[in-house]
Number of protein chains: 2
Amino acid sequence: MTEEILDKKACVAAMLPVTDALEVLRGKWKLAIIVSLLHGTKRFGQIAADIPKVTDRMLSKELKDLEMNHLVKRTIHNTFPVTVEYSLTEHGQTLRGIITELRIWGQAHRDHIIAKQ
Amino acid sequence: MTEEILDKKACVAAMLPVTDALEVLRGKWKLAIIVSLLHGTKRFGQIAADIPKVTDRMLSKELKDLEMNHLVKRTIHNTFPVTVEYSLTEHGQTLRGIITELRIWGQAHRDHIIAKQ
DNA sequence: CAGTATCCACAGTGATACTG
DNA sequence: CAGTATCACTGTGGATACTG
């Protein structure tokens, strides 16, 4: 087997889980929702209040996606009117490290780009 | 100032650099290109060979984006026909940690999701 | 070899109005 | 309160053909 093929295989194999991770976090509001929920359990309206400009439709959709990926837990309370609580699952909490890394790198990148101008 | 407002401000401030980071990595092929270049300096065609199904148009576009963000360096050689080399800048190399984190988390996520089924 | 030009399809998002 | 329904728009990405 030639070296290029090995390289290609290694490249593809290395990408798969990275792509998986990005797929899950994809969507304009997903990270914002997770960051909001890192501060604790919240209701639909409270998350909306945390995130400027998100619409009900998008918040609802993104929360559903996150729930499907077992990152967010949805709890319905039989009050009237109905209240719904959202919280991060244990698995969702494991994103904290990545978010911290992204924040540090993003800040460094911003500094870097500004310095070049 | 009420606690909710503080929470909201903290949430927004915490999100900004995270969003910046994701913005830079956004695009279907950007991570794949970076992973490819983590293996060393490559020519246009070599990157294309590393990444199955990417088209010339998209590869060209994504490389331009990465170059604008100072993550990739483009070097033209006056051979005939012309050859072009791409490599990660020092700044681009700093993504290695994030990519590793994403890979680890992505693998864990895949295991987690499979376990739930 | 390393791209560019053109056209097109569709996923993602926004705006607005409505509901149990 | 916590959503859903509908419509409209826009950008991203694919296919194909062409070029210095």
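Chain naming here is simple, since letters A, B, ... match the order of the sequence lines and numbering starts at 1 in each. Everything numeric in this text was worked out from a predicted model, so none of it was measured.
With hydrogens and angles disregarded, no donor-acceptor distance shorter than 3.5 Å links the side chain of A:S36 to the backbone of A:A32. A donor-acceptor contact shorter than 3.5 Å is absent between the side chain of A:K61 and the backbone of A:R57. A donor-acceptor pair is defined here as one N or O able to donate and one able to accept, closer than 3.5 Å; no such pair exists between the side chain of B:S60 and the backbone of B:D56.
Residues B:Q107 and B:D111 have side chains that bring a donor and an acceptor to within less than 3.5 angstrom of each other. One side chain, B:H109 or A:H91, offers a donor N or O that lies under 3.5 Å from an acceptor on the other.
Here the P atom of nucleotide C:dA2 and the NZ atom of B:K61 are 20 Å apart, to the nearest Å. Here D:dA2 presents its C1' atom at 14 Å from CD1 of A:I33, a figure rounded to the nearest Å. When the C1' atom of C:dG14 is taken as reference, atom CG of A:L59 falls 14 Å away, rounded to whole Å. For B:K42 and C:dA2, the NZ to C1' distance is 17 Å, given to the nearest whole Å. Atom CG of B:D56 is separated from atom P of D:dA15 by 12 Å (rounded to the nearest Å). Distance B:N78 CG to C:dA2 C1': 14 Å, rounded to the nearest Å. Atom CZ of B:R26 is separated from atom C1' of D:dT10 by 12 Å (rounded to the nearest Å). Separating the CZ atom of A:F80 from the C1' atom of C:dG20 is a distance of 9 Å, rounded to the nearest angstrom.
For the pair A:S60 and D:dA2, the criterion of a side-chain N or O lying under 4.0 Å from OP1 or OP2 is not met. An OP1 or OP2 oxygen of C:dC1 is reached within less than 4.0 angstrom by no side-chain nitrogen or oxygen of B:Y86.
Which of C:dG14, C:dG3, D:dG13 sits closest to the side chain of A:M58 comes down to C:dG14. Nearest to the side chain of B:K28, among C:dT4, D:dG14, D:dA2, sits D:dG14. For A:T83, the side-chain atoms get nearest to D:dC1 when compared with the rest of C:dT13, D:dC1, C:dG3.
Donor-acceptor pairing under 3.5 Å, judged by distance alone, is present between the side chain of A:R57 and the base of C:dG14.
Each end of the helix from C:dC1-D:dG20 to C:dG20-D:dC1 gets its own axis, taken as the rotation carrying the C1' atoms of four end pairs onto the next four within a five-pair window, and the two axes meet at 60° to the nearest 10 degrees.
Nucleic acid contact for B:K64: sugar-phosphate only, since backbone atoms but no base atoms lie under 4.0 Å from a heavy atom of the residue.
Closest heavy-atom contact between A:E62 and A:K28: OE2-N, 3.4 Å.
Between A:W29 and B:R43, the residue anchored closer to the 5' end of DNA chain C is B:R43, taking for each the nucleotide with the nearest heavy atom.
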Report the C-alpha separation of B:L38 and B:L95 in whole Å, then their side-chain angles, then the decisive distance to 0.1 Å, and conclude whether the side-chain contact (heavy atoms from CB on, under 4.5 Å) test is met. CA-CA 9 Å; B:L38 280 173; B:L95 278 167; over 6 Å; no
